[in-house]
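What follows is a set of notes on a single structure, which appears directly below.
Numbering of residues begins at 1 and proceeds along the displayed sequence.
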Amino acid sequence: MNQAAIIPVLMVIVFVQGQVPPFKETCVTNAYPPSEKSHLVPTYVLNLDLPPTQRWQNLAKDKGSQIKTLLKKFIEFAEDFGNGTVNTIINYLNKQGDSMDTTLPQPYADEMRGIATASGLGLGEVIIYNLFYEVFTVCTSIVAEDNAGKLFHARNLDFGLFLGWDIKNHTWEITEALRPMILNVDYQKGGKTVFKAVHYAGYIGILTAIKPGVFTLSMNERFDLNGGFIGIIEWILGLRSGQWMGFLTRDTLLYSNSYEEAKKNLTMTQMLAPAYFIVGGNSTGQGCVITRDRNKAVDVWNMADAGKWYILETNYDHWKSPLFIDDRRTPANRCMQNMTQNNVGWPGIFNVLSSKPVLNKLTTYTALMQVDAGTLETWLQYCPDPCWPF
């Protein structure tokens, strides 16, 4: 979706909510650790030594009813939104999906088939469920370096834009339904961790992850006219030279053994949808934002050319101004500057990501990663009123 289509919808929500841009940030200083320990996301171990059809079996059984409910909401809101392209894709996959496992690369085809079997969904429904995460995320990602050269990578994952704004409760219905679905996944081979990622149950791609001791990775959506829906339609029609974004990130985590390898893979591989990849390494200065169109990188922005000791990305090209009613970049940068490099660490960065409007009604979680220790800590996030819709 392009900015011309986004603005009218967001303006209605903004003025109904009673907030008028530009928004004034509030840089909090005491958000970490959250007082509600129940907001700490649990960890699920995924055994890569199992056949792909069995890897997600237990999780799909446990969360099957919630996945079905959430998928129904996805489809209802997509239909209400009136996007003919979305409706066409959904109808096609609902009818043809069970025969489409040969169109997906392995092991992802078998993993989706396993989830379908365990949850009672059709394969087409599982594909639809996974596609929504490729095109509806708006986020803030930060890689920062402390005075000793240690790198920290953190991100807010905001999800649910356009999907069911509740005027009475000032919440996004999909955002509220997603939080119980969030978990950390420890991908293991031979009983040893290969990488760790944050998932919504039932989604097998990766939006946030760490390969301990090697690199960290997050993905933010990039709005573009030649966007994800075009890539999805091409894939349905048999033009499959581009990778699904979530499969590309998983392959990168599995097969790339350095920051530079990951950077190259995320820069060069053709994809279904445009994106921003935010990558952190394990050595001083290793942080970048890779701005992607569907075919290749249009820009690689290194930390040395950004804030020197940090780099920050939301959902707009760094060389352009953000959408004036969705400027999380300016408040986030102000809070980073207020924090200073002296306070880089999980508490300081978590505070930045918990500061409104960086924290907003769409925010489902904040993930914190430190590459040397190999740690991933994820917290459910809530934004009490008064709070911005996005």
Would you say the ring centroid of [X] lies under 6.0 angstrom from that of [Y]?
{"X": "His39", "Y": "Tyr382", "answer": "yes"}
{"X": "Trp388", "Y": "His170", "answer": "no"}
{"X": "Tyr187", "Y": "Phe195", "answer": "yes"}

First locate atom [atom1] of [X], then atom [atom2] of [Y], and finally report the distance between them rounded to the nearest 0.5 Å.
{"X": "Ile278", "Y": "Leu266", "atom1": "CD1", "atom2": "CG", "answer": "10.0 Å"}
{"X": "Glu111", "Y": "Leu50", "atom1": "CD", "atom2": "CG", "answer": "10.5 Å"}
{"X": "Thr117", "Y": "Leu123", "atom1": "OG1", "atom2": "CG", "answer": "8.5 Å"}

Over 12 foreign heavy atoms within 6.0 Å of NZ, Lys37: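 More than 12 within 6.0 Å, yes.
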Mutual orientation of the aromatic rings belonging to Trp244 and Phe247 [parallel < 30°, tilted 30-60°, perpendicular > 60°]: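 Trp244 and Phe247: parallel rings.
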Can you tell if the side chain of [X] reaches within under 4.5 Å of the side chain of [Y], non-hydrogen atoms only?
{"X": "Lys68", "Y": "Ser65", "result": "no"}
{"X": "Leu178", "Y": "Ile174", "result": "yes"}
{"X": "Ile206", "Y": "His199", "result": "yes"}
{"X": "Leu48", "Y": "Leu46", "result": "yes"}
{"X": "Val279", "Y": "Ile290", "result": "yes"}

Derivation of the side-chain contact (heavy atoms from CB on, under 4.5 Å) call for Thr366 and Glu377: CA-CA 8 Å; Thr366 297; Glu377 190 174 289; over 6 Å; no
For [X] and [Y], which heavy atoms make the closest approach, and how far apart are they?
{"X": "Cys27", "Y": "Arg334", "answer": "SG-C, 4.5 Å"}
{"X": "Gln341", "Y": "Glu145", "answer": "NE2-O, 3.0 Å"}
{"X": "Asn265", "Y": "Thr252", "answer": "ND2-OG1, 2.7 Å"}

State whether the side chain of [X] and the backbone N or O of [Y] hold a donor-acceptor pair below 3.5 Å, judged by distance alone.
{"X": "Arg250", "Y": "Tyr108", "result": "no"}
{"X": "Ser355", "Y": "Val28", "result": "yes"}
{"X": "Asp372", "Y": "Gly213", "result": "no"}

Asp186/Lys196 salt bridge by N-O under 4.0 Å criterion: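 Between Asp186 and Lys196 there is no salt bridge, as every charged N stays at least 4.0 Å from the carboxylate O atoms.
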Residues clustered with Met339, ILVMFWY side-chain links under 4.5 angstrom: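 Traced through the cluster, Met339 reaches Tyr32, Leu40, Ile142, Phe152, Trp309, Tyr310, Leu312, Met336, Val344, Trp346, Ile349, Phe350, Val352, Leu353, Val358, Leu368, Trp379.
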Partner set under ring pair (Phe, Tyr, Trp, His ring centres under 6.0 Å) for His153, not counting sequence neighbours: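 Partners of His153 by the ring pair (Phe, Tyr, Trp, His ring centres under 6.0 Å) criterion come out as none, since no residue qualifies.
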Same apolar cluster (I L V M F W Y, side chains within < 4.5 Å links), Val198/Ile115: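 They do share one cluster, since a chain of ILVMFWY contacts under 4.5 Å joins Val198 to Ile115.
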Trace of the side chain to side chain donor-acceptor pair (under 3.5 Å) decision for Thr330 with Asn333: CA-CA 5 Å; Thr330 302; Asn333 275 309; over 6 Å; no
